[in-house]
S.K.: 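Have a look at this one before I ask anything.
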Amino acid sequence: MNKPFDFELERLTGQGTDAAPRQRDFAHLSMRGTFFLETFGCQMNDHDSEKVAGVLLARGYRQVETPEAAGLILYNTCSIREKAAQKVFSRLGEYRAKQAEGKIIGVLGCVAQQEGEDIFERAPWVRLVCGSASYRKLPEMLAQLEAGNHHVTGLDTDTDETFETEITRRDNPFRAYLTIIEGCDKACSYCVVPYTRGPERSRASDSILREVRQLGELGYSEVQLLGQTVNSYADPSPRTMRFAELLLAAAEVPGIRRVRFTTSHPSDFTKDIVEAIESQPKVCEHVHLPVQSGSTKVLRAMQRTYTRDEYLEKIAMIRGAKRPIAITTDIIVGFPGETPSDFEETLSLLDEVRYDSLFSFKYSPRPHTPSLKMDDAIPEEEKSRRLAILQDKQREIQTSRNARLIGESYEVLVSGKSRREGQWSGYTSSYRLANFTSHANELLGTYVQVRVTGATPNSLVGEHVV
Ligand code: SAM
Ligand code: SF4
């Protein structure tokens, strides 16, 4: 993962090592010129970390694999549920002693934004606190740290800028993430994201497509467009490209063979997105469309801006496409006021939609959210019971949906090689994981046809069709 700096910069910029003079400027910093970056949370956090790493590499820092080897230790954090936030503080506790060794410790991301300067009180050994809406100021903040400033913060959320970097140090050699919209203007009553990531800001279509072209030139064949509500994209440039047009334009870029996108908000999910998938095979046949609950009453309390019936109309539109489109979702159980019959409605929605996969969570009260004021009266054991019932039901659905694919063949982008001889894995356009056998010597990064010979709830089993 951590390659020599010169090699990294050459690969990321497509230029020779002449592009790396700053590394020499910082040579005197020895261990202070090294960083360790650990990431918790969603794909957007993963991708933010790739950009943060790019900013540091461009300043002459070198990425290392352990906190022990680093002068700068950074945590990119998640606060979507309480457990995730607690994990961050316990990890920071473990690093208290590291500060005494002269290391600089920084907290980035959603916990940084949520807790702000209180982090310095709770963990005085932390020297940098920076939320994701302030990442564009990271170079200045790094300069302040290098100048010896003790506590440096970046906590503004009132920005209309997005975080774009000259260099992004991507972890995945096959699929490249690209944020096209940051923040969120929805106001789901349980969710901390509008607070931690700030208001919605879309990136200009020209800038997005320029990066897609660079990615194609660097050898990436799959791009994944990211946003908390990716389909609320509103091109701020005079071109005013619609989200569906952007998908089609990205698919036209030389070298690009797959375009994915996540996460879609049901209220902004329009017919032209389905038409883009229908008309362009490179736009992946998968939509992640979080529903959160099957009960209109609970959806209203969640401030989700659609009813069960309106959501089902979107599902019918997707299911009616000329090309089969996989649908996945997110569900929260045990939201304040969710009665047993509301929960039954979520179960019946599962029967009706028959999702290809889902992420399910127990409701977790979060700071700064409207639902914090609601009575969180459902006991933890009851939330766990509902979660288990939901997951059992979904397992049955996935088992039967995947079993129906036996005998079919799908194109798979090979991204994994097992230690076991001849065993490979990768994803279909519909984002199903396929584990398959092949006698080929090297397949990583290539697209192959796989015939499905078996299925489990979470993956397909198959063989390479030559
Ligand atoms: N923006 C996306 C959306 O609108 O669905 C995803 C937001 S969040 C990173 C991913 C999922 O976490 C949500 O879809 C929701 O199911 C879950 N989530 C968010 N806040 C939660 C909370 N307070 N308790 C439990 N689950 C939560
Ligand atoms: Fe959170 Fe709702 Fe925005 Fe998704 S749409 S990030 S759940 S507020």
Side-chain angles (χ1 to χ4, degrees), residues 34-50 52-53 56 63-135 137-138 141-142 144-145 149-157 184 190-198 228 332 334 359 361-373 376 380 383-384 387:
T34 55
F35 71 99
F36 170 78
L37 174 56
E38 184 173 1
T39 309
F40 297 98
C42 62
Q43 286 157 326
M44 294 210 56
N45 267 14
D46 286 338
H47 185 41
D48 282 345
S49 283
E50 292 178 337
V52 168
L56 284 154
Q63 189 161 11
V64 294
E65 279 179 42
T66 61
E68 286 69 29
L72 174 63
I73 300 174
L74 294 175
Y75 279 99
N76 189 0
T77 58
C78 170
S79 65
I80 197 82
R81 282 166 291 277
E82 197 182 351
K83 256 196 196 145
Q86 277 168 355
K87 207 152 86 185
V88 173
F89 279 101
S90 77
R91 186 59 60 95
L92 284 177
E94 290 168 27
Y95 284 105
R96 186 178 193 159
K98 298 266 180 271
Q99 187 234 11
E101 296 165 19
K103 296 177 194 288
I104 295 175
I105 297 168
V107 182
L108 309 176
C110 294
V111 174
Q113 192 66 49
Q114 184 185 296
E115 302 292 324
E117 296 190 353
D118 289 355
I119 293 181
F120 297 135
E121 308 265 308
R122 259 177 98 170
W125 53 96
V126 171
R127 288 188 46 200
L128 168 73
V129 171
C130 178
S132 69
S134 301
Y135 285 159
K137 292 195 192 141
L138 259 180
M141 286 185 257
L142 288 167
Q144 288 174 30
L145 280 177
N149 284 16
H150 196 70
H151 282 160
V152 177
T153 51
L155 295 167
D156 296 340
T157 52
C184 182
Y190 51 82
C191 183
V192 78
V193 167
Y195 181 83
T196 56
R197 287 189 165 270
Q228 293 295 343
I332 297 176
F359 295 105
F361 312 98
K362 290 188 274 183
Y363 168 69
S364 166
R366 305 308 298 129
H368 316 289
T369 60
S371 68
L372 195 61
K373 295 191 192 79
D376 180 24
E380 208 45 36
K383 287 182 190 168
S384 301
L387 190 70

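It should be emphasised that the depicted structure is a prediction, and the values quoted were computed from it without experimental measurement.
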S.K.: Locate the shortest heavy-atom distance separating Pro124 from His150; write the atom from each residue and the value.
M.R.: O-NE2, 4.5 Å
S.K.: How long is the gap from CE on Met141 to SG on Cys130, to the nearest 0.5 Å?
M.R.: 3.5 Å
S.K.: Hey, does the side chain of Arg366 reach the backbone of Val193 with a donor-acceptor pair shorter than 3.5 angstrom?
M.R.: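 Flag not set: sc Arg366 to bb Val193 has no pair under 3.5 Å.
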S.K.: Tell me, please, which residues at least two apart from Phe40 pass ring pair (Phe, Tyr, Trp, His ring centres under 6.0 Å).
M.R.: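 Scan of Phe40 (ring pair (Phe, Tyr, Trp, His ring centres under 6.0 Å), adjacent residues dropped) gives none.
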S.K.: For the CD atom on Glu94, are there more than 12 heavy atoms of other groups (residues, nucleotides or ligands in this structure) within a distance under 6.0 Å?
M.R.: yes
S.K.: Does any non-hydrogen side-chain atom of Ser79 lie less than 4.5 Å from one of Thr196?
M.R.: yes
S.K.: Would you say that Leu108 contacts Leu128 through its side chain, given a criterion of any heavy-atom pair below 4.5 Å between the two side chains?
M.R.: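 They are in side-chain contact.
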S.K.: Quick one: which of Ile119, Val107, Thr77 gives a side chain to side chain contact (heavy atoms under 4.5 Å, CB included) with Phe89?
M.R.: Ile119
S.K.: Hey, is the main chain of Ala133 close enough, under 3.5 Å, to the side chain of Thr157 for a donor-acceptor pair?
M.R.: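 No; judged by distance alone, with no hydrogens or angles, the pair does not exist.
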S.K.: Determine the minimum heavy-atom distance between Asp376 and Pro365, stating which atoms define it.
M.R.: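 For Asp376 versus Pro365, the nearest heavy atoms are OD2-CG, 3.3 Å.
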S.K.: Distance-only, no hydrogens or angles: does the Gln113 side chain make a donor-acceptor pair with backbone N or O of Leu155 under 3.5 Å?
M.R.: yes
S.K.: At what distance, to the nearest 0.5 angstrom, does OH of Tyr95 lie from OG of Ser90?
M.R.: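 Between atom OH of Tyr95 and atom OG of Ser90 there are 10.5 Å.
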S.K.: Contact between Val152 and Val129 at the side-chain level, heavy atoms closer than 4.5 Å - yes or no?
M.R.: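 Sidechains of Val129 and Val152: no contact.
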S.K.: So Glu65 and Phe36, side chain to side chain contact (heavy atoms under 4.5 Å, CB included) or not? Walk me through it.
M.R.: CA-CA 6 Å; Glu65 279 179 42; Phe36 170 78; 5.9 Å; no
S.K.: Look only at the side chain of Trp125 and the backbone of Gly93, and say whether a donor-acceptor pair between them is shorter than 3.5 Å.
M.R.: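 Looks like no, no N/O pair under 3.5 Å.
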S.K.: Can you tell me how far apart NE2 (His47) and SG (Cys42) are? Round to the nearest 0.5 Å.
M.R.: 11.5 Å
S.K.: If you take all heavy atoms of Ala70 and Ile73, which pair is closest and at what distance?
M.R.: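 Smallest heavy-atom distance, with atoms named: CB-CG1, 4.4 Å.
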S.K.: Do the side chains of Leu37 and Gln63 get nearer than 4.5 Å, heavy atoms only?
M.R.: yes
S.K.: Using a 3.5 Å distance criterion without hydrogens, assess whether the side chain of Ser134 forms a donor-acceptor pair with backbone atoms of Asp156.
M.R.: yes
S.K.: Report yes if the side chains of Gln114 and Pro367 come closer than 4.5 Å at any heavy-atom pair, otherwise no.
M.R.: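 Yes, their side chains come closer than 4.5 Å.
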S.K.: Would you say Lys87 has more than 12 foreign heavy atoms packed within less than 6.0 Å of its NZ?
M.R.: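 Open.
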S.K.: Could you state the interatomic distance from CD1 (Ile105) to CG (Leu72), rounded to the nearest 0.5 Å?
M.R.: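 If we round to the nearest 0.5 Å, Ile105:CD1 and Leu72:CG are 9.5 Å apart.
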S.K.: Under 30°, 30 to 60°, or over 60°: which ring-plane class applies to His151 and Phe120, parallel, tilted or perpendicular?
M.R.: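 Parallel, since the angle between the ring planes stays under 30°.
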S.K.: Does some side-chain heavy atom of Ser364 sit less than 4.5 Å from a side-chain heavy atom of Lys83?
M.R.: no
S.K.: At what distance, to the nearest 0.5 angstrom, does CE of Met44 lie from SG of Cys78?
M.R.: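 One finds 12.5 Å between CE of Met44 and SG of Cys78.
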S.K.: Using modelled atom types and a 3.5 Å cut-off, is there a donor and acceptor pairing between side-chain atoms of Ser384 and backbone atoms of Glu380?
M.R.: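 Between the backbone of Glu380 and the side chain of Ser384 there is a qualifying donor-acceptor contact (under 3.5 Å).
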S.K.: Quick one: does Val52's side chain get under 4.5 Å of Asn76's, heavy atoms only?
M.R.: no
S.K.: What's the shortest heavy-atom distance between Pro194 and Cys184, and which atoms?
M.R.: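 Of all heavy-atom pairs spanning Pro194 and Cys184, the closest is CB-O, 3.8 Å.
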S.K.: Could you grab the distance from atom CG of Leu142 to atom NZ of Lys137, nearest 0.5 Å is fine?
M.R.: 14.0 Å
S.K.: When you compare the side chain of Tyr363 with that of Ile332, does any pair of heavy atoms fall below 4.5 Å?
M.R.: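 Touching, per the 4.5 Å side-chain cut-off.
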S.K.: Within a reach of under 6.0 Å around CD of Glu117, are more than 12 heavy atoms found that belong to other residues, nucleotides or ligands?
M.R.: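 No, the 6.0 Å shell around CD holds no more than 12 heavy atoms from other groups.
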